[in-house]
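Structure record follows, encoded as structure tokens.
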Protein chains: 2
Amino acid sequence: MKNAPAREVPQPTIRRLPTYLHYLRDRAASGQAVVSTSAIAQHLGLEATQVRKDLGYTGVAGKPRVGYPLPLLIDAIEALLGWQRLSRACLVGVGHLGTSLLGYERFSHYGLHIVAAFDRDPRQHGRPCSGRTVWPMDRFAQIVRRDDIHIGIVTVPADAAQAVADLMVAAGIAAIWNFAPVTLRLPPGIIVQNEDLYASLALLSQRLVAHVTLQAQDDPHAPHPERGR
Amino acid sequence: MKNAPAREVPQPTIRRLPTYLHYLRDRAASGQAVVSTSAIAQHLGLEATQVRKDLGYTGVAGKPRVGYPLPLLIDAIEALLGWQRLSRACLVGVGHLGTSLLGYERFSHYGLHIVAAFDRDPRQHGRPCSGRTVWPMDRFAQIVRRDDIHIGIVTVPADAAQAVADLMVAAGIAAIWNFAPVTLRLPPGIIVQNEDLYASLALLSQRLVAHVTLQAQDDPHAPHPERGR
DNA sequence: TAGATTGTTAATCGATTAACAATC
DNA sequence: TAGATTGTTAATCGATTAACAATC
């Protein structure tokens with residue numbers, strides 16, 4: 001039996017898959033049975049060719065003049081992302097950001113189940129947060145093993161993030177979703193996904209400068225855009 | 001006088017600039033005067049060539065055998081991103097996520113100054129949140145104009161996001177930083193930066209599946225990685 | 001001078017887009 | 001059949017990486 005060629009899915013495609021999934025589920029919920037790439041493309045502001053190429057990675061066959069079967073497509077995307085079973089995760093740092101993530105019920109539709117929360121602050125301990133008890137840090141390794149947790153979410157301040165990450169690695173966590181603005185030093189083999197707010201802010205800012213500069217060129221006598229209306 | 005050729009900075013470069021800035025500021029704070037691309041590259045896990053190409057967009061000249069002058073480089077990156085003056089922003093939706101962002105003091109080093117916060121819930125009104133008063137929505141347009149606000153941050157639930165965005169556009173906001181998991185419909189010319197948590201989660205999940213699949217291939221008799229151990 | 005480092009040009013790599021044949 | 005839509009192959013575009021000359 002030959003191994004499947006493990007066709008490599010490009011990163012940009014992976015990033016688009018959740019958006020497809022959201023749209024496809026919406027269509028399926030409203031009773032539709034098939035969907036065409038042009039419909040998807042139009043709704044999401046993409047090129048139909050790109051959608052077709054992306055959907056090609058699922059291996060689901062579409063019918064010319066009909067489209068793709070919605071249930072198969074949804075299943076295949078979920079399979080590709082490993083979202084058919086929820087991955088068990090824990091969250092460390094029950095500040096505002098952590099609490100906010102604990103409240104995201106939507107995660108359960110996107111493969112993630114946060115089963116435990118931890119915090120350094122004793123005032124948080126025992127208090128349930130969105131239905132989950134907040135544990136002290138010294139229970140970390142035990143609970144991670146007991147509850148079969150594979151993903152760690154870091155929502156502590158920057159200066160505590162590396163120590164938390166080390167703890168996660170020691171406890172056998174396979175992947176870390178890092179919301180702290182630091183580059184974590186991790187042993188090879190540990191998966192890390194950084195949520196870099198500042199990269200995102202940089203893109204916004206830069207487009208804003210470019211925009212303002214352009215306006216100033218259009219009308220050099222206009223009031224400075226950084227000031228008045 | 002010829003217009004500057006407005007050399008287009010690639011998006012991936014823009015995304016890396018804040019990380020450079022963070023490192024350069026740290027070096028400058030510890031008294032260093034120059035920095036080499038190899039030092040930057042090693043510290044951030046990048047290729048030196050890439051760093052050199054990125055820094056090329058700043059227009060700052062480095063000296064062979066010496067490196068780049070830190071103060072000039074920092075200024076130039078800030079200029080490129082429009083971070084020499086803080087952009088004035090408002091935030092709508094003072095839930096946990098919104099409160100968390102209001103608490104990010106670091107934003108003031110990354111070009112952003114959140115000067116006002118708004119919420120639909122009357123229980124939030126008047127209450128100061130990280131030093132800012134929370135205003136009711138009906139004051140929105142007035143305060144945006146009064147305080148010369150150009151950026152709107154959307155931290156409301158998905159179903160309220162489009163209405164908030166419409167309000168922002170009507171009030172004359174130029175750019176929207178959207179944390180709600182929806183694609184906003186906006187008139188052309190409005191800058192929008194989506195913070196897509198689910199794209200990020202998809203990347204993490206997919207690497208986790210790939211990882212698990214690989215392990216299973218290595219040792220087909222091992223207990224299923226989603227379960228035991 | 002010798003050699004490390006810059007900065008530019010060329011090669012490679014990967015993703016998007018275009019073109020078009022296959023097919024229902 | 002005619003025509004819309006799939007699915008694949010080729011062309012384009014853009015970013016990264018490699019090579020190397022310039023320079024302090």
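Proteins come first, then strands; the chains are lettered A, B, ... in the order of their sequence lines, and each starts at number 1.
- No more than 12 heavy-atom neighbours from other residues, nucleotides or ligands sit within 6.0 angstrom of CD on A/Q11.
- Considering only the side chain of A/E47, C/dT17 comes nearest among D/dT6, C/dA4, C/dT17.
- Among the nucleotides D/dT5, D/dT23, C/dT17, the one closest to the side chain of B/P64 is D/dT23.
- Distance CG (A/L73) to P (D/dG7): 10 Å, rounded to an integer number of Å.
- The shortest distance between the side-chain N/O atoms of A/Y68 and the OP1/OP2 oxygens of D/dT5 is not below 4.0 Å.
- Within 4.0 Å (heavy atoms only), B/A61 reaches sugar-phosphate atoms of the nucleic acid but no base atom.
- Across the protein-nucleic acid pair, A/D54 atom CG and C/dT16 atom C1' stand 10 Å apart, rounded to whole Å.
- Looking at A/T13, its side chain never comes within 3.5 Å of a backbone N or O of A/V9 through a donor-acceptor pair.
- A salt bridge links B/R25 with B/E78: the distance from a Lys NZ or Arg NE/NH1/NH2 to an Asp or Glu carboxylate oxygen falls below 4.0 Å.
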Subject >> Under the 3.5 Å Watson-Crick or G-U criterion, the dot-bracket string of DNA chain D, with | for inter-strand pairs >> reply: ..||||||||||||||||||||||

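- Put simply, the side chain of B/T58 never gets that close to the backbone of B/L73: no donor and acceptor are under 3.5 Å apart.
- One interatomic measurement links the two molecules: CZ of B/R65 to C1' of C/dA2, which rounds to 8 Å at whole-angstrom precision.
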Original post:
Can you give one letter per nucleotide of nucleotides 8-15 of chain C, going 5' to 3': B for a protein heavy atom under 4.0 Å from the base, S for sugar-phosphate only, - for none?
Top reply: -BB----S

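- The separation between B/Q42 atom CD and C/dT5 atom C1' is 15 Å, rounded to whole Å.
- A/L112 pairs with exactly one of A/L86, A/L101, A/I151 by the side-chain contact (heavy atoms from CB on, under 4.5 Å) rule, that one being A/I151.
- Both A/T13 and A/V66 lie close to DNA chain C; mapped to their nearest nucleotides by heavy-atom distance, the more 5′-ward contact belongs to A/T13.
- By the 4.0 Å N-to-carboxylate-O rule, B/D54 lies close enough to B/R16 to be salt-bridged with it.
- Just one of A/W83, A/W177, A/Y110 meets the side-chain hydrogen bond (donor to acceptor under 3.5 Å, both in side chains) condition when paired with B/S205; it is A/W83.
- Within 4.0 Å (heavy atoms only), B/T37 reaches sugar-phosphate atoms of the nucleic acid but no base atom.
- Atom CD of A/Q42 sits in a sparse spot, with 12 or fewer heavy atoms from other residues, nucleotides or ligands closer than 6.0 Å.
- Here B/F107 and B/Y104 bring their ring centres to under 6.0 angstrom of each other.
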